[in-house]
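These notes are about the structure you will find just below.
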Amino acid sequence: MTNSIKEIHTQIKEIIMAAMGRGVADEVLPAVPAPAFTIETPADPSHGDFASNAAMVSAKAFRMPPRKIAEIICERMDFTGTFIEKVEVAGPGFINFFVSSRYFSEILMGIHRDGADYGKSDFGGGKRVMVEFVSANPTGPMHMGNARGGALGDCLAAVLEYAGYYVEREFYVNDAGNQIQKFALSLDIRYQQLFKGEEAMELPEDSYHGADIIDLAKEFAALYGDSYLEKSEDERRKALVDYALPKNIAKMKTDIAKYRITYDTWFLESTLHNDGEVKEIIDILADKGLTYEKDGAVWYKATQFGGEKDEVLVRANGNPTYFAADIAYHRNKFLKRGFDTCIDVWGADHHGHVARMKGAMDAVGLDGSKLHVVLMQLVRLMDNGVPVKMSKRTGKAIQLADLLDEVSADAARFFFNLREANTQMDFDLGLAVREDSQNPVYYVQYAHARICSIFRRDEAKKFDLNSVAPEVLDLLTHPSEVELIRYLSSLPNEIISAAKEYEPARMTRYVMELASKYHKFYHDCRVLGNDDENLTAARLLLCDCVRQVIANILSMLKVTAPDHMESQNEESAV
């Protein structure tokens, strides 16, 4: 798979190191190790296609002015067999490299050859990564925060896959502990109220008051009538949970599937209790002298491992806490299932949980630095600038299902990846359904459709892009063409950067900028109707490469790449 940036960086590094070696041989540079240096792409193309600070960082080691070092290096460079055409010394000692037109031709040939694989790399080396995201409480519907977490987590997983990691996606189902007991109590009271009246018993303030609880109680009653009123409280509540919880989980899976997310595993918290892994964690910490008893509860000495305070592992009633189960769950990922890195996508309100969970991994003998948490800020739902708080359908808080009734999965997934996870964002329903260039996802899809429309023309059909030779592509010298090709070449490194930073929003920004650069090229350069058929062939191949890259990124985001846009004339200007 092609990574032209990586290849040219390697060439430039070898050119610089060889030139330094010649400088040492000529006794104009000292025989000391050269410091590490960087190779970057200048923001201004007039400063070269690539630039290095090799002379700047060597000044102290070589005991010479950086500009003089740069001049010595440049005088001894050999470009034979490389894509470098010339070099310049700039400012106090930067070395600017200019590539030949053949470099840009090779980029396009590589993209055309790699097709759907362009952008992929072996950077991750196949290391095993678990991305756990959404993991909404199964006692109620998924909300807007889950919608953002779903898009972020799924796209982050895709970015990591493209960067060469082995990735699994997981949903952690909290089907044990306090929230299930509260779920059972809420269902029980609502069930009894159906037969005894609401005045007969009151639902506690901290219970679940949603309409979904009433609906589930009614469904249970429709099947079993009042027969469970005669049962014991434990038996009645168990029956209600056994009926309602699977239905809630099934609804979650339906909504998630509509959102185009496919999990490798739906992991049940209850398995950690049933398999003894929670008890195992408590025993391990106790054996290490990291627990103590207080007020009838078992406490973990979290402050010894970065926690702000010690934490309860087992309550006075003998029930393990959610924190104990969470430690067991993360240990299961690392130790039992062998993941090298585990990534959790959590709401920003969990920020205090990050250090104590990393510390807990260290406490049980694992490496807390291999646990990474992406903290996600809140979403404010807007409709043409006006805040929206309630669902039109239910009159209650906006749920994931409500959102997908209002906007397409394309818009939802793209919009939620427009901003970094740690920034608050406004999701504008009005903008998400617009069919014009103001809508970011429409703007990108339009660029893809525009290119597809070119290839439906008879004039374009007569060209065989597989037979276009590199020397034909050397004709692409217009600044808009060169800018576009240079940007296409940066995709593999952009994906690697997104993977290293756990930041899938880099990909939406990239593809939006690519669409913008393509529209500029389309305005500046005639694709069809040229007197020179070779130029037409070259521009068609460039267009097809842009189409392929847009399709690759949209595929990564699980956003459709339409070949036709019904709502607008594809040939009109954006």
Side-chain angles (χ1 to χ4, degrees), residues 134-143 145-146 171-256 266-275 278-279 296-297 312-326 329 390-391 393-402:
V134 180
S135 298
N137 193 326
T139 57
M142 288 183 287
H143 52 70
N146 303 138
F171 190 113
Y172 182 51
V173 183
N174 305 127
D175 66 332
N178 275 352
Q179 72 274 10
I180 296 299
Q181 293 175 16
K182 187 189 296 185
F183 185 51
L185 179 146
S186 305
L187 287 167
D188 186 12
I189 292 178
R190 289 304 192 194
Y191 171 70
Q192 292 188 61
Q193 285 178 345
L194 293 175
F195 301 100
K196 300 177 180 179
E198 289 189 22
E199 66 283 350
M201 55 184 59
E202 187 176 351
L203 194 65
E205 185 62 33
D206 64 344
S207 298
Y208 296 122
H209 289 253
D212 55 300
I213 299 293
I214 298 173
D215 292 340
L216 288 166
K218 286 181 177 178
E219 292 173 16
F220 183 85
L223 288 173
Y224 301 106
D226 63 357
S227 63
Y228 272 87
L229 294 178
E230 306 303 322
K231 308 282 188 183
S232 69
E233 180 181 280
D234 287 346
E235 189 176 357
R236 183 170 61 251
R237 290 185 180 182
K238 182 181 185 304
L240 281 159
V241 170
D242 287 347
Y243 170 80
L245 194 61
K247 291 183 72 69
N248 276 5
I249 294 173
K251 176 65 165 58
M252 294 170 104
K253 290 183 176 182
T254 299
D255 290 344
I256 284 293
W266 290 73
F267 191 99
L268 300 179
E269 179 189 348
S270 57
T271 62
L272 298 169
H273 296 272
N274 297 337
D275 294 347
V278 176
K279 183 179 184 302
V312 176
L313 291 179
V314 183
R315 298 183 184 88
N317 62 7
N319 292 330
T321 61
Y322 178 80
F323 183 55
D326 214 9
Y329 174 51
M390 296 298 174
S391 164
R393 181 178 61 184
T394 65
K396 302 293 183 181
I398 297 291
Q399 302 170 8
L400 172 61
D402 297 320

Q. Quick one: salt bridge (charged side-chain N to carboxylate O under 4.0 Å, His left out) partners of Lys196, sequence neighbours excluded?
A. none
Q | Which residues share a side chain to side chain contact (heavy atoms under 4.5 Å, CB included) with Asp188, sequence neighbours left out | A | Gln192, Glu233, Arg236, Arg237, Leu240
Q: Decide yes or no for Lys251 and Pro141: does some side-chain heavy atom of the first lie under 4.5 Å from some side-chain heavy atom of the second?
A: no
Q. Can you tell me how far CZ of Arg190 sits from CG of Leu185, rounded to the nearest 0.5 angstrom?
A. 11.0 Å
Q: Work out which heavy atom in Glu202 is nearest to a heavy atom in Gln193; give both atom names and the distance.
A: CA-NE2, 4.4 Å
Q.
When you measure from the side chain of Asn146 to the backbone of His143, do you find a donor-acceptor pair of N or O atoms at a distance under 3.5 Å?
A. yes
Q. How about Lys182: does its NZ atom have over 12 heavy atoms from other parts shown lying under 6.0 Å from it?
A. yes
Q: Answer yes if the side chains of Tyr322 and Gln179 hold a donor-acceptor pair under 3.5 Å, and no otherwise.
A: no
Q: Measure the OH-CD1 distance between Tyr191 and Ile214 for me, rounded to the nearest 0.5 Å.
A: 16.0 Å
Q: State, with a plain yes or no, whether a side-chain heavy atom of Asn174 is found less than 4.5 Å away from one of Pro138.
A: yes
**Q.** Residue pair Asn178 / Gln181, side-chain heavy-atom distance below 4.5 Å
**A.** yes
Q: Return the minimal non-hydrogen interatomic distance between Ala325 and Tyr172, and the atom names on each side.
A: O-OH, 4.0 Å
Q | Contacts of type salt bridge (charged side-chain N to carboxylate O under 4.0 Å, His left out), residue Asp212, not counting sequence neighbours | A | none
Q. Is the closest side-chain heavy-atom distance between Thr321 and Val312 below 4.5 Å?
A. yes
**Q.** Partners passing ring pair (Phe, Tyr, Trp, His ring centres under 6.0 Å) against Tyr224 (at least two apart in sequence or in another chain)
**A.** Phe220, Tyr228
Q) Tell me the salt bridge (Lys or Arg N to Asp or Glu O under 4.0 Å) pairs involving residues 317-326, sequence neighbours left out? A) none
Q. Can you tell me how far CD1 of Ile180 sits from CG of Leu187, rounded to the nearest 0.5 angstrom?
A. 9.5 Å
Q. Do you know the tightest heavy-atom contact between Ala244 and Phe183?
A. CB-CZ, 3.7 Å
(Q) On a heavy-atom basis, which atom in Phe195 and which in Ala221 lie closest, and how many Å separate them? (A) CZ-CB, 3.9 Å
Q.
With a 4.0 Å cut-off on N to O distance, would you call Asp234 and Lys238 a salt bridge?
A. no
Q) What distance do His273 atom NE2 and Lys279 atom NZ have between them, rounded to the nearest 0.5 Å? A) 14.0 Å
Q: With rounding to the nearest 0.5 Å, note down the distance linking CG in Leu245 to CG in Asp242.
A: 8.5 Å
Q.
To check you understand the geometry: which heavy-atom pair defines the closest contact between Ala176 and Glu269, and what is its length?
A. O-OE1, 3.5 Å
(Q) To check you understand the geometry: which heavy-atom pair defines the closest contact between Tyr243 and Leu223, and what is its length? (A) CE1-CD1, 3.6 Å
Q: Starting at CG of Leu229, measure out to CG of Leu194 and round the result to the nearest 0.5 Å.
A: 9.5 Å
Q) Do the non-hydrogen side-chain atoms of Leu268 and Asn274 ever get within less than 4.5 Å of each other? A) no
Q | Contact check, side chains of Leu203 and Ser186, non-hydrogen atoms, under 4.5 Å | A | yes
Q) By side chain to side chain donor-acceptor pair (under 3.5 Å), which residues pair with Thr139, not counting sequence neighbours? A) Asn137, Tyr208
